[in-house]
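To keep things clear, I will list the structure first and then write my remarks on it.
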Amino acid sequence: MALTPVLTAHWDEPDAFTIAGYRRHGGYEMVGKVLGADPDRLIQVVKDSGLRGRGGAGFPTGLKWSFVPQNDDKDHYLVVNADESEPGACKDIPLMIANPHAVVEGCILAAHAIRARRCFIYIRGEVPQAVRRVRAAVGEAYAAGFLGRDVLGTGIDVDIDVHAGAGAYICGEETALLDSLEGRRGQPRLKPPFPAVAGLYARPTVVNNVETIANIPTIARNGAEWLRQMGTEKSPGFKLFSVSGHVNRPGVFECALGTTMRELLDYAGGVRDGHELKFWVPGGSSVPLLMPEHLDVPMTYEDMQAAGTMLGTATVMVFDETTSVVRAISRWIHFYKHESCGKCTPCREGTYWLEQLLADFELGRAAQGDIAKVDEVCKQMFGRNFCPLGDAAATPYAPALKYFRSEFEAGTHTPAHELFDPLASAVFTPSTVGAAP
Amino acid sequence: MTEEFRTQCRELMARFPQARSALLPMLHLAQAEDGYVTPEAIRVCAELLELSTAEVAAVASFYTMYKRHRSGTYHLGVCTNTLCAVLGGDEIWRTLSERLDTGHDEVSADGTFSLERIECQAACTHAPVMTANWEYLDDMDVDKALDVVARLGRGEAVRSTRGPVIRPFTDTERTLAGYDDGLAGEGGTADAKMLAGVAYARQHGMSAPQAPERSPFDETSGTDDAGGAPAGDGEG
Ligand SMILES: Cc1cc2nc3c(=O)[nH]c(=O)nc-3n(C[C@H](O)[C@H](O)[C@H](O)COP(=O)(O)O)c2cc1C
Ligand code: SF4
Ligand code: FES
């Protein structure tokens, strides 16, 4: 596998985020063609391409679209999930900053496929730069006649609204997002009914990740067979990967699915000089961590699952030997506790207890029995939650314990910061710390 | 709240199929007016949307970006989620908090700065990450953080590493409420980290497969052969 720049291909052009920059490379050419064809045609192309959702779960996109009732008289909605808040995930925000028009064109095409006239792009509020770039792109698309009434004389109307969230990880969960978009607290809804049947305002709705949507113009242009030249049968295509943490050149890497972590590490300049890989997390904090022995596992949905983890968002975090795994897990658990919406008991109470127990390990004051107690709390939580956040909170501990049991045992007598100097894991030189400005 | 605030709220409400969808933008707008969500703003939003104040307060308190006391002119965030924390975010937090004598969710004595330990900002490739009024300050270290604070405190212009010159908190909130600030062109397309993959691919002659001449949507004989070929099994 290899680097396959598609969405990122022109990011080194200073105006790539403008409509002029986008159109220079064929942008918006598919609008007239796709809107002039039967909507089912695009659904079929996307189905044939095997594109899977990029929001983490990998659900087949064409199949999702086909669940929307086709010829009812109801309003349909396309909702684009740009809430990117999973710890470690940093690919949707760069995409919106550098290539917002791919998102806008994707919305126009996808809206046609699912017979929606109205599309909402829900962007996390903490990144105004993404909000203004996407909003400007929408404005330029209106001015050029790609949005609004009777797009390019096809008789089809498409409108896009850009909506800023207000800081809540759970609003990335698709039904919580819909509640948030309706002006409520962002709490997940019971499924069924699924959004495809009763979503926004109880109308048929497709929720797709923003990277999924940005894939659509290229797939419409180049077809399913072209996409399938990349990736594997079950995980076709290209994907935005990112590599962050203890590597020499962290960044965004657009690769064919099936690229291995060994290859990605090479693209990212290797583990930072003088250090060695301790563990890595392939797709955000909600997926189990992996070890150096997993460097050659192809990064596909199916191979990651076979290795006991998930591809998730394909945004890799790399940690070297200076990192305390107890500190890392403890901080993630703190996050889930903070972000639990409180709707269901296992998650609300479980994260509350987990946070305290993990903090005890980090402070070196856990009791002997706590290793088993944490395990027990996680088991009690797992599979008993209303939405996947609760399961995610119960996920990181078990693999960490499996590979680094001695660090948890040490947490019964020695604080993590004594075992692992926090300044050693920092990427700036300790000599500058605390220096006067 | 001013009559203008009410007018703008009504504009926001008219944008949506159901008016209540405007509540999040309206609360951002309230923060653009006052620097936080005042009890009066909650009352006015409730009145306009025909909700109880309890319903609006329940929404306002759910989202971390809505503040219950006035933010500083510069609301500084230090990411202390795992990746940033491990890469030095904890040290940055400790130093800033000490230097400004201000804790999490607190405002400095002179009202210039408020501080928040923030969660992952979708910028881990640029860790350790800070934000000032939610504009990115990437690749921070302790010295850079102290320098930013010193410059902002002196009223000097500080530019986001991937965006515009940092404006007061209330201005960012107006942008989030839905008002164009004319700043979308600031900050360039992508920085070196966003370009890491493109640069490597160029250097090593890697690219996506050649695009076919024809698209499935180019009019052909009318067969609906949209490319449903048997799956390629990937070369790896
Ligand atoms: C707690 C939680 C947070 C999520 N956050 C996001 C997110 O920020 N962005 C996203 O696209 N999907 C997120 N998802 C997944 C969405 O629920 C949904 O599966 C996805 O938006 C569907 O789009 P796709 O089919 O294009 O992947 C999250 C799920 C959960 C449970
Ligand atoms: S699992 Fe957690 S986040 Fe999900 S609904 Fe239950 S309490 Fe809310
Ligand atoms: S952990 Fe700080 S930006 Fe992701």
Side-chain angles (χ1 to χ4, degrees), chain A residues 1-6 8 11-12 16-17 33-34 37 44-45 48 84 87-88 90 93-94 98 125-126 128-129 132-133 136 164 166-168 182-183 185 221-225 228-229 231-233 242 244 249-254 258 267 317 323 328 331-332 425-428 432-433 437, chain B residues 17-18 20-21 23-24 58-59 62-66 81-83 85-88 90-91 119-120 122-125 127 134 141-143 146-147 150 162-163 172 175-176 183-184 189-190 193-198 200-201 206 208-209 211-212 215-217 226-229 231-234 236:
Chain A
M1 298 294 166
L3 284 156
T4 51
V6 177
T8 58
W11 287 11
D12 51 358
F17 63 90
K33 292 177 184 175
V34 171
Q44 194 59 46
V45 173
D48 293 340
E84 185 165 65
C90 44
I93 293 291
E126 298 98 321
Q129 181 70 353
R132 52 170 85 86
R133 281 278 162 95
E182 291 181 5
R185 298 165 74 96
R221 166 62 186 82
N222 293 346
E225 267 177 89
R228 284 186 174 281
Q229 290 175 43
T232 63
E233 178 176 350
S242 67
S244 59
R249 287 195 306 272
V252 177
F253 303 91
E254 195 175 13
Y267 305 153
M317 292 180 277
T323 309
R331 199 59 63 91
W332 280 321
S425 69
V427 288
F428 41 85
T432 69
V433 172
Chain B
Q18 292 184 11
R20 184 171 176 164
S21 283
L23 182 51
L24 267 65
V59 173
F62 185 83
Y63 297 92
T64 50
M65 288 181 80
Y66 298 133
N81 203 303
T82 300
L83 190 111
V86 166
L87 267 65
D90 279 352
E91 267 55 57
E119 299 299 350
C120 178
C124 323
T125 42
W134 303 113
D141 61 30
V142 167
D143 290 342
L146 291 173
D147 180 54
R162 283 187 281 169
T172 303
T175 301
L176 296 176
L183 298 171
T189 298
K193 288 180 169 178
M194 290 162 69
L195 283 171
V198 176
Y200 192 103
M206 295 179 177
S215 147
F217 290 89
D233 58 359

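Just so it is clear: chains get the letters A, B, ... in the order the sequence lines come, proteins before strands, and each one is counted from 1.
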message: With rounding to the nearest 0.5 angstrom, report the CD to CG distance, Glu182(A) to Leu24(B).
response: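 Output value for this atom pair is 12.0 Å.
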
- prompt: Out of curiosity, Phe253(A) CZ to Met206(B) CE, how far, rounded to the nearest 0.5 Å?
  reply: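 One gets 11.0 Å once the value is rounded to the nearest 0.5 Å.
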
message: So Trp332(A) and Asn81(B), do their side chains get closer than 4.5 Å, heavy atoms only?
response: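 In short, these two side chains touch, coming nearer than 4.5 Å.
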
- prompt: Would you call Pro250(A) and Lys193(B) a side-chain contact if the rule is heavy atoms closer than 4.5 Å?
  reply: yes

Please flag which part of [X] lies under 4.5 Å from any non-hydrogen atom of chain A: side chain, backbone, both or neither.
X: Ala127(B); answer: backbone
X: Ala201(B); answer: both
X: Thr172(B); answer: side chain

Which atom names give the shortest non-hydrogen contact between [X] and [Y], and what distance separates them?
X: Ala166(A); Y: Tyr63(B); answer: O-CB, 3.3 Å
X: Asp12(A); Y: Val198(B); answer: OD2-CG1, 4.2 Å
X: Trp11(A); Y: Met194(B); answer: CE3-O, 3.6 Å
X: Phe62(B); Y: Ala168(A); answer: CE2-CB, 4.1 Å
X: Val6(A); Y: Ala208(B); answer: CG2-CB, 3.6 Å
X: Arg20(B); Y: Gly183(A); answer: NE-O, 3.0 Å

Count the heavy-atom pairs under 4.5 Å between each of [options] and chain A, then report the option with the highest count.
options: Cys124(B), Gly163(B), Ala190(B); value: Cys124(B)
options: Leu23(B), Thr82(B), Thr125(B); value: Thr82(B)
options: Ala85(B), Ala211(B), Ala123(B), Ala122(B); value: Ala122(B)

message: Please enumerate all residues that pass salt bridge (charged side-chain N to carboxylate O under 4.0 Å, His left out) together with Glu126(A), with sequence neighbours excluded.
response: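 In terms of salt bridge (charged side-chain N to carboxylate O under 4.0 Å, His left out), with neighbours along the sequence ignored, Glu126(A) is linked to Arg124(A).
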
query: Who pairs with Arg331(A) by salt bridge (charged side-chain N to carboxylate O under 4.0 Å, His left out), at least two apart in sequence or on another chain?
result: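 Only Asp90(B) meet the salt bridge (charged side-chain N to carboxylate O under 4.0 Å, His left out) criterion with Arg331(A).
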
When you measure from the side chain of [X] to the backbone N and O of [Y], does any donor-acceptor pair fall under 3.5 Å?
X: Arg221(A); Y: Phe217(B); answer: no
X: Ser425(A); Y: Val86(B); answer: yes
X: Arg185(A); Y: Ala58(B); answer: yes
X: Gln129(A); Y: Arg162(B); answer: yes

- prompt: Between Pro128(A), Ala37(A), Pro94(A), Ala328(A), which residue shows the highest count of heavy-atom pairs closer than 4.5 Å to chain B?
  reply: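 It is Pro128(A).
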
query: Picking from Pro87(A), Cys90(A), Ala16(A), which has the most non-hydrogen pairs under 4.5 angstrom with chain B?
result: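 Of Pro87(A), Cys90(A), Ala16(A), Cys90(A) has the most heavy-atom pairs under 4.5 Å with chain B.
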
